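Fair warning: this is a prediction, and the values are worked out from it, not measured in the lab. In what follows, every chain begins at residue 1, and chains take the letters A, B, ... in the order their sequences are listed.
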Amino acid sequence: MKAIELEKVYDPKNFEDRIYENWVDSGDFRPSKAKGEPFTIVMPPPNVTGILHMGHALNNSLQDILTRYYRMGGRPTLWVPGTDHAGIATQNIVERQLAKEGLRRQDLGREKFLERTWQVKDKHHDIIVKQLKKIGCSCDWDHERFTMDEGLSKAVRETFVTLYERGLVYKGMYLVNYCPHCGTALADDEVEHQNDKGHLWNIEYPLADGSGRITVATTRPETMFGDVAVAVNPEDERYKHLIGKMLKLPLTDREIPVIADSFVGIEFGTGMVKITPAHDPNDWECGKRHNLTPINILNPDGTLNDVCPEKFRNIPAEKARFMVADELAAQGYLASVADYDHEVGHCYRCNTTVEPYMSEQWFVKMRPLADKALQAWKDGRLEFHPKRWENTYSSWLENIRDWCISRQLWWGHRIPVWYCSDCSNMMVKREDPCCCDKCGSKNIKQDNDVLDTWFSSWLWPFSTLGWPEKTPDLQKFFPTSTLVTAYDIIFFWVSRMIMASLEFTGEVPFKDIYITGLVRDKLGRKMSKSLGNGIDPLEVVDLYGADAMKFTLCYLAAQGQDVLIDMDSFKMGSKFANKIWNATRYILMNLEDRNIVEIKEEDLNDVDKWIYHSFNENARKVNAALQGYRFNEGAQAVYDFFWNDFCDWYIEASKPELYSDDDKRKDRIVSILLDLLARSMRLMHPFLSFITEEIYDKLPNTDGKVISAEFPVFDEKLVHEKEASLVESLQEAVRGIRNAKAQLCIPPDRKLNVTIRTDEKGELSAFMRKYASLICTFSNSASVTIDDDKSSDISGAFPVAAPGFESYLFVREAIDVEKEISRLKSEIEKTQALLDGVDKKLNNPNFINNAKAEAIEKEKGKRAEFVEKIDKAQKHMEALKKL
RNA sequence: GGCCGUGUAGCUCAGUGGGAGAGCCCCAGUCUUACACACUGGUUGUCGUAGGUUCAAAUCCUACCGCGGUCACCA
């Protein structure tokens with residue numbers, strides 16, 4: 001066999017793209033034809049016009065790890081990628097482009113505008129797909145979907161019409177959240193409340209009979225033109241006599257009544273509230289209770305309309321607010337103004353202040369859907385990881401309100417409803433009608449509005465697999481296995497998918513829901529454009545490689561915890577990848593003239609058994625971690641095994657054999673090293689996919705690709721407890737010698753003679769004797785002698801204690817006796833404190849009577865250990881004093 | 001205000017009933033025939049505060065303090 005040369009420096013740029021292309025070309029991401037339960041994940045579709053951020057990187061890294069793990073586990077595995085059309089966001093982008101050309105969408109007309117939007121979508125789509133590929137997602141691109149694809153659009157129509165038929169979709173005039181900037185209604189959860197600095201104005205309204213004035217408090221004086229009443233609490237003694245009286249509405253010639261309603265707080269403000277049903281949710285409800293006709297004072301663009309006095313017309317509400325206040329002051333109606341902080345709704349897409357706005361919209365009746373979703377959770381058909389998110393889920397469903405699904409946009413699924421202009425018949429149709437199904441008129445018009453983007457994404461887990469058709473994909477891969485997403489869309493998306501899925505397929509869309517943390521900067525702040533603290537995943541890939549990014553994110557992704565990172569954080573993964581690269585490079589450069597031989601169990605020595613034992617234990621940990629969604633534990637296990645055990649100890653221990661003159665020994669060790677390397681690549685593949693594939697391909701002892709290799713599982717045959725514990729003693733001896741030398745300020749290159757005296761003659765002493773030369777090499781000593789019958793002369797030697805044995809270093813040079821004595825003193829003190837603690841327990845009858853037998857045994861063991869340590873340390877001190 | 005989370009080494013965080021851990025940082029040494037993105041050794045903690053349960057608490061319970069999130073708000 002020839003030596004294999006690896007590039008001297010680990011550079012992921014040399015192979016990541018190539019390997020990704022190869023995976024795609026060979027169809028490695030497609031589900032296998034294997035039997036067994038499929039593993040399916042649908043990717044939360046990113047906004048097609050968005051840019052991939054660290055949240056996506058985290059989310060998709062974890063999905064990739066799961067997908068690769070189960071794929072290697074032999075299950076047919078499908079990860080469905082895709083994007084959503086992001087109605088408002090995408091339309092905003094195109095409208096901004098148009099604005100630069102001095103155009104509005106109305107200037108183009110609906111058809112031309114949509115054409116242009118599709119072009120923008122296509123361009124952005126290519127970017128986002130490229131990004132997903134760059135970070136290494138092993139999703140099946142043959143299954144890629146877009147929410148406005150033909151099939152998914154059909155699913156949307158089917159859903160809308162069916163819900164309408166079931167009485168779960170209705171149209172009506174309601175007060176909705178309206179964004180004047182985006183020009184559309186929003187759902188309740190698309191409104192973000194922020195604390196804004198405002199004012200509380202006290203305004204006086206005169207009684208119509210001239211008997212005086214009352215004072216109302218408001219944060220929005222401009223809405224007074226929509227006032228239809230003033231309400232007081234019926235229990236409020238101050239105002240009982242006013243109920244039923246009329247008031248003159250200042251700046252207008254209207255009169256409005258004083259009414260009684262218990263929603264008014266007696267304590268707050270003046271205890272009198274102006275009622276503006278068309279512009280406040282509470283007033284809307286109050287108005288309904290009292291049969292008051294709402295008066296709308298706003299144009300759709302958020303300016304005051306013709307209901308208002310002329311001087312305020314066509315002025316934005318926020319500006320008009322102060323003009324109205326000034327006018328009121330001028331006319332003597334303004335009693336006072338005070339600063340006032342309050343929560344104000346803002347559009348989650350453009351941050352404009354949202355107006356409660358009266359309009360005709362389409363709604364989904366949510367209660368029946370929510371009840372099913374709640375029941376599925378109560379039945380244990382759904383499980384959140386971490387579990388606490390179930391509270392969020394259930395409390396939202398319990399307090400659910402109807403969902404406003406119509407949007408006054410052009411980009412999206414147009415509502416499948418047609419109106420006849422001749423007989424005003426309304427038709428809700430799966431297929432476009434040609435004429436009115438009542439009067440036959442061809443004069444029909446489709447509803448102008450489109451549906452909320454979430455109305456298509458809530459179908460994602462089954463619409464992507466072909467629903468409403470009963471496709472083979474749907475039958476095989478639905479319900480899906482796991483959903484991985486961030487907690488900020490549990491309401492928007494997760495719960496709605498569950499509702500839709502239960503309503504239309506009768507099944508939960510997924511059993512496990514893994515909720516990731518949010519990626520934040522090191523100060524704990526959300527990454528955002530405005531703060532400029534975002535990290536671009538592509539920049540991370542460019543600097544450190546996709547493997548480094550995925551591994552680092554995974555290593556930090558403790559369940560339920562946010563991930564705080566900066567650019568330097570990724571050095572961690574990068575250093576680990578570099579370590580893997582170099583360890584491999586070293587082994588492969590030593591293959592010249594070697595032969596791979598079969599290794600049987602009887603060929604393994606104690607150290608070999610130890611490393612296989614450790615590998616096996618870590619394989620068990622990784623399997624358990626990934627099955628339980630404890631990603632960081634998996635990453636830690638592979639890191640610890642490969643770096644600490646394999647590189648730092650096993651490879652070092654193999655060197656004497658590797659450099660011996662015995663070809664048989666050399667073949668043996670090389671074969672084992674290659675075997676461990678191959679196993680490690682398989683174990684690490686989900687976490688570091690590219691480098692493991694690149695190396696696996698180069699290993700002479702492997703066939704095929706690691707992506708489709710078998711994942712290591714716990715193997716009873718690899719358990720070697722006894723050897724593992726013996727090697728740990730060896731490590732203890734080596735560390736003891738190294739420590740002592742360092743503490744005595746003896747340069748590392750000064751080699752000492754060492755005698756190791758074991759407490760007993762037995763397994764340990766035999767083992768130590770067998771591996772004396774290894775201990776010698778590791779500790780950089782001149783010689784290591786094992787003395788198991790206390791026969792050798794140790795006078796003048798410096799002792800180092802350990803459980804079961806003691807090492808003696810022959811140090812002739814003057815050492816700092818004082819310093820060493822004080823070190824031993826403090827060691828004795830520390831140990832004595834531990835011993836006292838143990839004794840306290842052991843002398844406590846309650847402990848002896850109540851504690852588990854094994855706990856007592858453990859305490860006794862500890863006691864013996866501490867006593868021994870103190871005893872040895874004391875002897876050492878005396879020995880030192882004699883030096 | 002309700003609910004949820006969180007407070008462990010200088011920093012970022014693991015650990016969830018029985019001897020306080022990792023990575024980074026810092027200090028000292030080493031270019032030892034893969035790796036200076038390395039190796040060896042070392043320093044660092046009232047495990048937020050106060051009670052309680054327990055033979056035993058960083059770990060369970062209660063209260064409080066700090067931080068964060070989320071839902072809902074009364075003009």
key: OP1 or OP2 of B/rG41 under 4.0 Å from side-chain N/O of A/Arg738   = yes

request  = Nearest whole angstrom, please: distance from the P of B/rC13 to the CG of A/Leu556.
outcome  = 9 Å

task = Please state the P separation for the pair B/rU30 and B/rG15 - nearest whole angstrom.
result = 39 Å

query = RNA chain B: stems of at least 3 consecutive Watson-Crick or G-U pairs, cut-off 3.5 Å?
reply = B:1-7 with B:65-71, B:10-13 with B:21-24, B:26-30 with B:38-42, B:48-52 with B:60-64

ask   = Does A/Tyr340 place a side-chain N or O at less than 4.0 Å from the phosphate oxygens OP1/OP2 of B/rA75?
value = yes

query = Of the nucleotides B/rC35, B/rC24, B/rU6, which one has an atom closest to the side chain of A/Gln561?
reply = B/rU6

request  = Quickly work out the A/Lys840 NZ to B/rG18 P distance and round it to whole Å.
outcome  = 17 Å

task = Measure from the side-chain heavy atoms of A/Tyr586 and tell me the nearest of B/rA34, B/rA14, B/rG18.
result = B/rA34

query = Between B/rG41, B/rC55, B/rC4, which nucleotide gets closest to the side-chain atoms of A/Asn391?
reply = B/rC4

query = When rounded to the nearest Å, what value does the distance between C1' atoms of B/rU12 and B/rG7 take?
reply = 14 Å

key: Interatomic distance at C1', B/rU6 relative to B/rA14, whole Å   = 15 Å

query = In terms of side-chain geometry, is the basic nitrogen of A/Asp661 or A/Lys666 positioned less than 4.0 Å from the acidic oxygen of its partner?
reply = no

query = Among B/rC24, B/rC74, B/rU40, which nucleotide sits nearest the side chain of A/Asp648?
reply = B/rU40

query = Rounded to the Å, how far apart are A/Phe570 CZ and B/rU12 P?
reply = 16 Å

request  = Quick one: which residue pairs count as a side chain to side chain donor-acceptor pair (under 3.5 Å) with a foot in residues 545-560 of chain A, not counting sequence neighbours?
outcome  = A/Asp64-A/Lys550, A/Lys550-A/Ser689

message = Nearest to the A/Arg388 side chain among B/rG18, B/rC4, B/rA34, which nucleotide is it?
response = B/rC4

ask   = Nearest to the side chain of A/Arg585, which nucleotide is it out of B/rA34, B/rU6, B/rC73?
value = B/rA34

Pairwise C1' distance for B/rC4 and B/rA72, with rounding to whole Å = 15 Å

request  = Pick the P atom in B/rC55 and in B/rG10, then give their distance to the nearest Å.
outcome  = 35 Å

request  = May I have the distance from A/Ile275 (atom CD1) to B/rA75 (atom P), rounded to whole angstrom?
outcome  = 13 Å

query = Quick one: the side chain of A/Lys841 and the base of B/rC55, do they pair up donor-acceptor inside 3.5 Å?
reply = no

ask   = For the pair made of CG in A/Asn739 and C1' in B/rA28, what is the distance, rounded to whole Å?
value = 14 Å

note = Checking A/Ile214, A/Asp236, A/Leu247, A/Asn202 against A/Met272 for side-chain contact (heavy atoms from CB on, under 4.5 Å), the one that qualifies is A/Ile214

ask   = Which of these nucleotides, B/rA14, B/rG18, B/rA38, is closest to any side-chain atom of A/Trp643?
value = B/rA38

request  = Starting from C1' on B/rU6, measure out to OH on A/Tyr487 and report it in whole angstrom.
outcome  = 12 Å

ask   = Looking only at atom C1', what distance separates B/rA9 and B/rC26, rounded to whole Å?
value = 12 Å

remark   = note: A/Asn582, atom CG; B/rC39, atom C1'; distance rounded to Å ~ 13 Å

request  = Measure from the side chain of A/Ile651, starting at C-beta and using heavy atoms only, and say which of B/rA38, B/rC71, B/rA34 lies closest.
outcome  = B/rA34

query = Contact class for A/Lys858 vs. all strands (heavy atom < 4.0 Å): base, sugar-phosphate, or nothing?
reply = nothing

request  = Quickly work out the A/Arg520 CZ to B/rU6 P distance and round it to whole Å.
outcome  = 14 Å

ask   = Taking the side chain of A/Val9 as heavy atoms from C-beta outward, which of B/rA14, B/rC37, B/rA38 is closest to it?
value = B/rC37

message = In whole Å, measure the gap between the P atoms of B/rA22 and B/rC39 for me.
response = 15 Å

message = Base, sugar-phosphate or nothing for A/Tyr10? Non-hydrogen atoms, less than 4.0 Å.
response = nothing

query = Expressed as a whole number of Å, how far does the P atom of B/rA20 sit from that of B/rG45?
reply = 14 Å

ask   = Of the nucleotides B/rA14, B/rC37, B/rG18, which has the atom closest to the A/Ser574 side chain?
value = B/rC37

message = Tell me if the side-chain of A/Glu859 makes a donor-acceptor pair with the base of B/rA56, cut-off 3.5 Å, by modelled atom types.
response = no

